Amino acid sequence: MNAQKKLLVKIKAKEANIAVIGLGYVGLPLTVLLAKQGFTVKGYVKTAEKLQALQGGISGISGHDNNLKKILNSGSFSAYNIADSNLADNDIYIICVPTPLNKKKKPDLTSVLQVAKRLFETDLKGKLIINESTVAPFTTRKIFASSRMNYFLVCSPERIDPGTRFETSENIPKVIGGIDSESLELGIALYNQIIKKKLVVVGDIEVAEMSKMLENTYRAVNIALINEFAKLADVIGIDMLEVISASKTKWSFQPHYPGIGVGGHCIPVDPHYLLKLAQKKRIEMNVTTEALSENEKMPEYIAEKIIRYYKKGMNVLVYGLTYKKNVADLRESPVLVLCNLLKRKKIDFTVYDPLIPAKTIQKLGFSAVLLKKTDIFVVGTDHKQLAKDYKFAIGNKTVVIDGRNFFLKKVGKIVIGVGRSLVE
Ligand code: SAJ
């Protein structure tokens, strides 16, 4: 029996030893899914602190500590440093490391390259490498394929959906592409064991990479379009939420919503990976470029609304710092951009976020505060807890700058939203 068939049998018998490299928002939920399905998973991380936390059952990702403790206690999961020699003892390597932007907003593939270097130090004969990290087309092949490949290679871009409708990624359809049919067969066999939804099998690795770029760039562009409409709506006095709810009755209109800006490790990041490839191929992608810039301007647009009402000595409270509601994640958060803008404009303000500890807020250089009545109340993030919390901070004279169009009825003196206002 050849190596591919041997591995296929091990996968189907759930006897394949799986290494998940990178245990963050992507790697940890995937590890839990694999362990729940009966696989033995070794998790590999770069830093001693992360390793110590994981071994102590601390996932660092809201809502995942219990699952982590369960798979640790059941013995189906153990964590190691990526330098550990037992990395070579695995049959499958699933790469879930971050692909962020550097300070110049250029793609930073450092983590992926470090993993590749480490994997090539081991004997990969007959093994399967799966790249889940988000990269531009041809990146997986360029980094992980080699001329005399005696191992298998698949790309299945992550589709985690932090803090919203899917609690775990088993309910999210997964795209998968292989460098050859043998690799693809192995990848399908593995994901069929953990993904409840249909697998979306594509013809090549590059189609899988490009589909991820398209889905997230599509979202960034549509959010930018709505933000642009909201700026016009503000001037002509039309309520954008009412407009969107009318438009979404059309079958071909997918609703997006205006707001303080676009954060997270996906939507404002992934399109830059595509733009770098396009630039190299001398293809202009002006719609994508303009959309990203439109979204990046939104925190300034909100700051201008605050300044219109601000007078020296007023109390300004920014509620919510994270990039999206009900997620304790500050990555690329537009509210951080807003707060730094307010600081530069010498506007005194305090910050409260129910999901972010006061000491973290202070470490960011902002003053954390408990909720109390304020002159200007800024909705930075529309956490569900805001429905209760607002009563402690908004009085009859409070001006509300609603960066997430959270309030559907007027509260305080006036509610100034994004593409809408509530005056009575
Ligand atoms: N946002 C808007 N208006 C919208 C939607 C989002 O301003 O109509 C803002 C959010 O506040 C946030 C940013 O954009 O700051 C990103 O929002 P998101 O809901 O897309 O949040 P993410 O980053 O968690 O996106 C993930 C992505 N998943 C993957 O990349 C695997 C994304 O592709 C999904 O579309 C998204 O979840 C989802 O649908 O919830």
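A quick note: this is a predicted structure, and the numbers were derived from the prediction, not measured. Indexing begins at 1, ligand by ligand and atom by atom, following the structure's order.
Looking at Asp234 and Lys305, a side-chain N of the basic residue comes within less than 4.0 Å of a carboxylate O on the acidic one, giving a salt bridge. Classification of Glu132 and Lys174 as a salt-bridged pair holds, one side-chain N sitting under 4.0 Å from a carboxylate O.
Counting heavy atoms closer than 4.0 Å to ligand 1, residue His265 contributes nothing at all. Residue contacts with ligand 1, taken as heavy atom pairs separated by less than 4.0 Å, involve Arg404 solely via side-chain atoms from C-beta onward. Residue contacts with ligand 1, taken as heavy atom pairs separated by less than 4.0 Å, do not involve Ile226 at all.
Not less than 6.0 angstrom separates the ring centroid of Tyr390 from the ring centroid of Phe406.
In this structure, Glu215 falls outside the shell of residues with a heavy atom less than 4.0 angstrom from ligand 1. Lys212 counts as a contact of ligand 1, since one of its heavy atoms falls under 4.0 Å from the ligand. For the ligand labelled ligand 1, residue Gly261 lies inside the 4.0 Å heavy-atom shell. Distances from ligand 1 to the non-hydrogen atoms of Gly263 include at least one value under 4.0 Å.
In this structure, Gln52 places its CD atom where only 12 or fewer heavy-atom neighbours from other residues, nucleotides or ligands lie under 6.0 Å away. Within a 6.0 Å sphere centred on CZ of Phe229, other residues, nucleotides and ligands contribute 12 heavy atoms or fewer.
Within the set Tyr218, Tyr257, Tyr323, Tyr25, the minimum heavy-atom distance to atom 3 (N) of ligand 1 is found for Tyr257. Of all the listed residues (Ile172, Ile160, Ile223), Ile223 holds the heavy atom that lies closest to atom 1 (N) of ligand 1. The residue from Glu132, Glu158, Arg219, Gln254 that puts a heavy atom closest to atom 34 (C) of ligand 1 is Arg219.
For ligand 1, the atoms lying closer than 4.0 Å to a non-hydrogen atom of Arg159 are 31 (C). Annotation for ligand 1: atoms under 4.0 Å from non-hydrogen atoms of Ile267 are 16 (C), 20 (O), 32 (C), 33 (O). Residue His256 approaches ligand 1 through these ligand atoms, each under 4.0 Å from one of its heavy atoms: 8 (O).
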For Glu209 and Thr140: C-alpha separation, side-chain torsions, deciding distance, then whether side-chain hydrogen bond (donor to acceptor under 3.5 Å, both in side chains) applies. CA-CA 8 Å; Glu209 291 167 322; Thr140 302; 2.6 Å; yes

Table please: side-chain donor-acceptor pairs of residues 334-350 below 3.5 Å, with sequence neighbours left out.
from	atom 1	to	atom 2	distance (Å)
Asn340	ND2	Leu336	O	3.0
Lys343	NZ	Gly365	O	2.7
Thr350	OG1	Val316	O	3.4

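Note: Tyr319 and Tyr352 have tilted aromatic rings, judged against thresholds of 30 and 60 degrees for the angle between ring planes.
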